[in-house]
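Inspection log for the structure reproduced underneath, given as C-alpha cells.
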Protein chains: 2
Amino acid sequence: MAEKPNQVEKLRSLNDFHCNNCGLASLCLPLSLSLTDMERLDGIIEKSPPLKKGSHLFHQGDPFTSIFAVRAGTIKTYTVTKDGEEQITGFYFPGELIGLNAIDTEAYPISAKILETTTVCEIPYEKLDDLAGQMPELRRQLIRTMGREIREEQQMMLLLSKKTAEERVATFLLKLSERYRKRGYSASIFRLSMSRNEIGNYLGLAVETVSRIFSRFQKQQLINVEGKEIEVLSLEDLHAVSGELRMPSLDQNSARATS
Amino acid sequence: MAEKPNQVEKLRSLNDFHCNNCGLASLCLPLSLSLTDMERLDGIIEKSPPLKKGSHLFHQGDPFTSIFAVRAGTIKTYTVTKDGEEQITGFYFPGELIGLNAIDTEAYPISAKILETTTVCEIPYEKLDDLAGQMPELRRQLIRTMGREIREEQQMMLLLSKKTAEERVATFLLKLSERYRKRGYSASIFRLSMSRNEIGNYLGLAVETVSRIFSRFQKQQLINVEGKEIEVLSLEDLHAVSGELRMPSLDQNSARATS
DNA sequence: CGCATGATTGAAGTATATCAATAGTGGTGG
DNA sequence: CCACCACTATTGATATACTTCAATCATGCG
C-alpha cells in the first residue's frame with residue numbers, strides 16, 4: 001500500500017509535520033528538549049502554508065504577536081530609513097528565528113519579506129513565554145539563541161566598521177557556506193537566494209562593488225559565479241581574504257567552540 | 001547621632017547597597033520585580049569594589065561565569081581583530097548589562113575594560129538562570145533586555161552601513177544624551193568618558209574625522225566642545241543632522257514606545 | 001614641571017560610490 | 001515556444017567622502 005505517493009499523501013505529510021520529526025529541530029528551539037517537552041512546544045506552533053516570493057511575513061509597525069522559525073526557504077528582514085531606502089538587517093534560513101528583536105516592544109521594528117517560496121512555524125510569543133516558564137530547557141534554549149544573535153550582530157558591526165569590500169564579500173560567502181553545511185547541504189556549491197542589490201545593501205556596499213568583487217574573485221580562482229549559482233573553489237583561500245580569525249570549516253562543533 | 005559621616009559610615013553604606021535601594025533598579029534587571037523577588041536576586045549578586053580606570057573586568061577568552069551590571073562608571077567592550085587592532089562593540093553605563101553575548105558560549109567573546117572608576121554588580125549566570133526559572137518576571141525582564149540589545153545592535157548596523165560621518169557622530173551624541181537623561185543627568189551637558197579615538201573606533205571612523213566633525217558642529221552652533229565636556233546647544237538641530245527617524249527627546253516613556 | 005598621550009588641523013591619497021552604458025535573465029503573453 | 005519587456009547584473013569612467021600622513025597644540029598624570 002501507498003505505492004505511489006499522491007497529492008493527498010503529500011498534503012497529509014504536510015499536516016504531519018511536527019517538531020519531533022523536523023530535521024531542523026537541532027538548529028531551532030526544540031534543541032535538547034525531551035520528547036514530551038517537544039510535543040508541548042509543537043502544540044503551540046502554527047505551521048504556515050507555503051508563502052510566496054515577494055510577500056511579507058509582517059511589516060514594520062505591525063503589532064508584535066509571534067516569533068517565527070523558518071522551516072524552508074529564505075526570508076530577509078529590513079528597516080526603512082528616513083529617506084525611504086531600505087536597510088537589510090538579516091537573511092534567515094531554515095531553523096533560524098525571526099522577531100527576537102521585537103520581544104520588548106509592541107510592534108515589529110522591522111519588516112520580513114519572503115525571498116523564495118517559504119514555510120514558517122509561527123510561535124505565539126505569549127504561549128512561548130508560558131512554556132518557557134514551565135520548561136527550563138526551553139527557557140535556556142531561547143536565551144542561548146538570543147545570546148548567539150547578539151554575538152553575531154556584534155561580528156556584523158565589526159565587518160561593517162573595519163572590513164574592506166573584499167573582506168565583507170568573502171566573509172558573507174563563508175557565512176553562507178557554513179550555514180548551508182550545517183543544514184546538510186554542500187558547503188561549496190549553493191544558490192544565492194538574494195539579489196546582488198540585497199547583498200550590497202546588507203554589507204554596506206554598492207551593487208556595482210559586489211558585482212566587481214564577484215568577478216575579481218572569479219578571476220582569482222576563489223569562486224565560480226554563474227548568476228546566482230556559487231561554487232567556492234577554495235574555502236581556505238576565501239577565508240584568508242575574509243580577514244576572519246577562525247577557520248569556520250574547522251569549527252565542526254559549534255557548541256564547544258569558544259568563538 | 002551620625003552627625004558627621006565618616007569613613008566607617010561610608011564603608012557601611014557601601015555594604016548596605018542592595019537592589020531594593022539602588023536608584024538604577026528601574027533600568028536594570030530588578031525592573032518590575034516584587035520586593036521579595038528583588039531580595040532573592042540581590043542575594044546572588046556580588047557587589048564589586050571600585051575598579052580602576054584601565055583595568056579589565058574580563059578578557060576575551062576568559063571562561064564565562066557571570067553577567068555584570070554597571071552600578072557606577074563606564075565600561076567599554078571590544079574584540080581584537082586578526083591584525084591586532086581593537087574594535088569597540090559598546091559602551092556601558094549604569095544599569096546596563098555586560099556579557100549577554102556570552103550566554104551560549106564557554107568563554108567571553110569580548111574584553112571589557114574600565115574607562116573610569118567603576119563599580120559593578122556581578123551576577124553569576126548559573127544562579128541567575130535558576131532564579132529565572134523560579135521568577136517569571138525576572139525571566140521576562142532578562143529576555144526583554146536581550147531583545148532590546150538585539151534591536152539596538154541592528155540600529156548600530158544601520159548606522160555603520162548607511163550613515164555619513166556627520167550622521168554617525170550626531171547619532172552618537174544624541175544616544176549619549178538620552179542615556180544620561182534616563183539616569184537623571186542633564187541631557188544637554190555631559191562629560192565624555194571615552195577618548196576621540198574610542199569614539200572613532202566605535203563609529204567606524206578615523207580619530208581625525210571625529211575631531212573635525214566636533215569642530216564643525218561647534219562652528220555650526222550645534223554643540224560646545226571643551227575637551228571631554230560636551231554641551232548640546234540644540235537637540236532638535238542635532239537630531240535633524242543625525243538622520244534618525246524618531247525624536248529621542250520626545251520618547252519619554254520608552255517602555256511604551258514601539259520603536 | 002615635564003613628558004607622553006590625546007586632540008586638532010591641514011594636505012594628499014585611496015577605496016568605494018555614483019553615473020552611464022551595455023549585456024544578460026527570467027517571467028509573461030501572444 | 002519564442003519574443004518581448006522589465007529587471008538585474010556587469011563593466012568602465014569619474015567623483016568624493018573619508019582615510020592616512022604629517023605637524024602642531026593641548027592635556028593630564030607621575
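Values in this document were obtained by computation on a predicted structure and should not be read as measured data. Throughout, a chain's letter reflects where its sequence line sits, starting with A, and its residues are numbered from 1.
Rotation axes derived from the C1' atoms of the five outermost pairs at either end of the helix from C/dC1-D/dG30 to C/dG30-D/dC1 lie 50° apart, to the nearest 10°.
Between the P atom of D/dC18 and the CG atom of B/Leu159 lies a distance of 12 Å, rounded to the nearest Å. The CD-P distance, from B/Glu226 to D/dG28, rounds to 10 Å in whole Å. Taking atom CD1 on A/Ile213 and atom P on C/dT16, their separation rounds to 7 Å, with Å as the unit. Protein atom CD of A/Glu85 is 12 Å distant from nucleotide atom C1' of C/dA17, rounded to whole Å. The separation between A/Arg191 atom CZ and C/dT25 atom P is 11 Å, rounded to whole Å. In this entry the distance linking NZ of A/Lys163 with P of C/dA15 reads 18 Å, nearest Å. C/dT18 atom C1' lies 16 Å from atom CG of A/Asn201, rounded to whole Å. Residue B/Lys162 contributes atom NZ, which lies 17 Å from atom P of D/dA17 at whole-angstrom precision.
Side-chain contact between B/Ile223 and B/Glu231 is absent, with no heavy-atom pair separated by less than 4.5 Å. In this structure the side chain of A/His239 never reaches within 4.5 angstrom of the side chain of A/Glu236, judged on heavy atoms.
Among the protein residues, A/Ala206 comes within range of the nucleic acid bases, having at least one heavy atom under 4.0 Å from a base atom. Using a 4.0 Å heavy-atom criterion, one finds that A/Gly200 contacts no nucleic acid atom at all.
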Stepwise side chain to side chain contact (heavy atoms under 4.5 Å, CB included) test for A/Tyr78 and A/Gln60: CA-CA 8 Å; A/Tyr78 64 95; A/Gln60 192 166 349; 5.6 Å; no
Worked check of side chain to side chain contact (heavy atoms under 4.5 Å, CB included) between A/Ile199 and A/Phe214: CA-CA 11 Å; A/Ile199 295 172; A/Phe214 273 10; 4.2 Å; yes
Derivation of the side chain to side chain contact (heavy atoms under 4.5 Å, CB included) call for A/Lys76 and A/Glu86: CA-CA 11 Å; A/Lys76 76 168 176 187; A/Glu86 80 180 38; 2.8 Å; yes
Protein proximity profile, nucleotides 3-13 of chain C - base contact B, sugar-phosphate-only contact S, no contact -, cut-off 4.0 Å on heavy atoms: ----SBBBB--
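A salt bridge does not link B/Arg212 to B/Glu208: none of the charged nitrogens lies less than 4.0 Å from a carboxylate oxygen. Between A/Glu96 and A/Arg179, at least one side-chain N (NZ, or NE/NH1/NH2) sits under 4.0 Å from a carboxylate O, which counts as a salt bridge.
In terms of modelled atom types and a separation under 3.5 Å, the side chain of A/Ser48 and the main chain of A/Val120 share a donor-acceptor contact.
For B/Phe68 and B/Phe58, the ring centers are positioned less than 6.0 Å apart.
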